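What you see is a predicted model; the values in this text were computed from it and never measured.
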Amino acid sequence: MQKIKSLIALAIILFTIRVTHAQSIYKNIPLPKAIAGVNEEFSGMTIYGNRLYLEPQYGDHKEIKLDGVFNLYSILTDSISRVIDNRDTSLTAYRTISVKNLNLLPDSVKANYEGFEAISIVNNTVFLSIETDDKYAYCFLLKGKLDTIKNEVVVDPTHFISLRRYPSISNAGFEAVTYLPKENKLLAYYEFNAMPKGGCGYLIDTSFNETPEQIKTPFLYFRLTDNAAADDGRVYGINYFWNGDYNSYLNNDWVKSPEASIGKAIPELGEKLKTDADYLKKNTYAVIVMLDNSKSRKWKYVRSFDGFKNNWEGIALFKKGALVVTDANRSSKQVCRLVYVDF
């Protein structure tokens, strides 16, 4: 009996350690109050020139679309490090970067616009991806010049890239765009990549003078909401699942009843699905995934973390891990959160 009690006590201790570890899997970095509301809907971010650039999906005024004010925000990476290292408790200072000329984009872009989804900056050129209406076959990639003195980005309204999306999945676009230094190309991945042979992506010349090269992307269940390339060539991404997307992502023309296959591919979900076959219909899941390089054919699972009330949509590699940010969807059911995940 004493042996059984000892084993039970040990099991409780191990469970407590596991739960505590799961809860501390990331470091919360409180944003400045002025940009910490759910209306910001941060959908992308990148680090450039020792500053973290945050991209809202719509900005403060969703109803005006591309005809009104749209701003990016930037924060010193040193300030972020201070919070991660517990030298400060929150972020306070930030810059507002005004994005100009969006109102001059052609009607084909403005009429189908459904928000910004990704950002990358190369040699003072800012690249912004636009998601479009589900009925429209193309998404867009814009570019503009960053002026750090005037704190503005001047978009070129006449030179932009159209990216054909396939297959047509509800609310899916090219949410993952990053720069590959060795290739001197942008790498854009589609949000849905669970067709039998994977999904579609593009290699894009930064000058926009060449036709984008369509490429195959590795198979991946759930949404790919952002990506970021490391100096060593590895490509990291956010793989996020919201149970409200079950039919769009796990019950469509390409994917049917995938729970058994998901359980094999992702053992920690396999354990959940063994005890509850409908687990994915009721729960979220978030994980950072990685490719050894842009030509790799298989994602590796790096670190999972809490998806409840956290619609993770932006990633930027930082220190020994990554910064990740949420798109709160203007909803009281979500939270606006910037965190650091160590891996």
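Not less than 6.0 angstrom separates the ring centroid of Phe192 from the ring centroid of Phe222. For Phe127 and Tyr179, the distance between ring centers is not under 6.0 angstrom. Aromatic pair Trp312/Tyr26: centroids less than 6.0 angstrom apart.
Taking the six-membered ring where the residue is Trp, Phe241 and Tyr246 present perpendicular rings, their angle passing 60° and hence far from 30°.
Listed by chain and number, the residues in a ring pair (Phe, Tyr, Trp, His ring centres under 6.0 Å) with Tyr221 are Phe219 (sequence neighbours excluded). Annotation: side-chain contact (heavy atoms from CB on, under 4.5 Å) contacts of Thr158 (sequence neighbours excluded): Asp156.
Two residues are said to be in side-chain contact when any heavy atoms from C-beta on lie closer than 4.5 Å; Glu313 and Ser43 meet this criterion.
No more than 12 heavy atoms of other residues, nucleotides or ligands sit less than 6.0 Å from atom CG of Asp107.
Note on residues 160-180: pairs passing salt bridge (charged side-chain N to carboxylate O under 4.0 Å, His left out), not counting sequence neighbours, are Asp134-Arg165, Glu175-Arg223.
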Worksheet item: For Asp231 and Lys182, what are the C-alpha separation, side-chain angles and deciding distance, and is it a salt bridge (charged side-chain N to carboxylate O under 4.0 Å, His left out)?
Response: CA-CA 9 Å; Asp231 291 337; Lys182 293 180 181 179; over 6 Å; no
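No donor-acceptor distance shorter than 3.5 angstrom exists from the side chain of Tyr189 to the backbone of Tyr202, with no hydrogens or angles considered.
Side-chain atoms of Asn124 and Tyr48 form a donor-acceptor pair, as typed in the model, at a separation below 3.5 Å.
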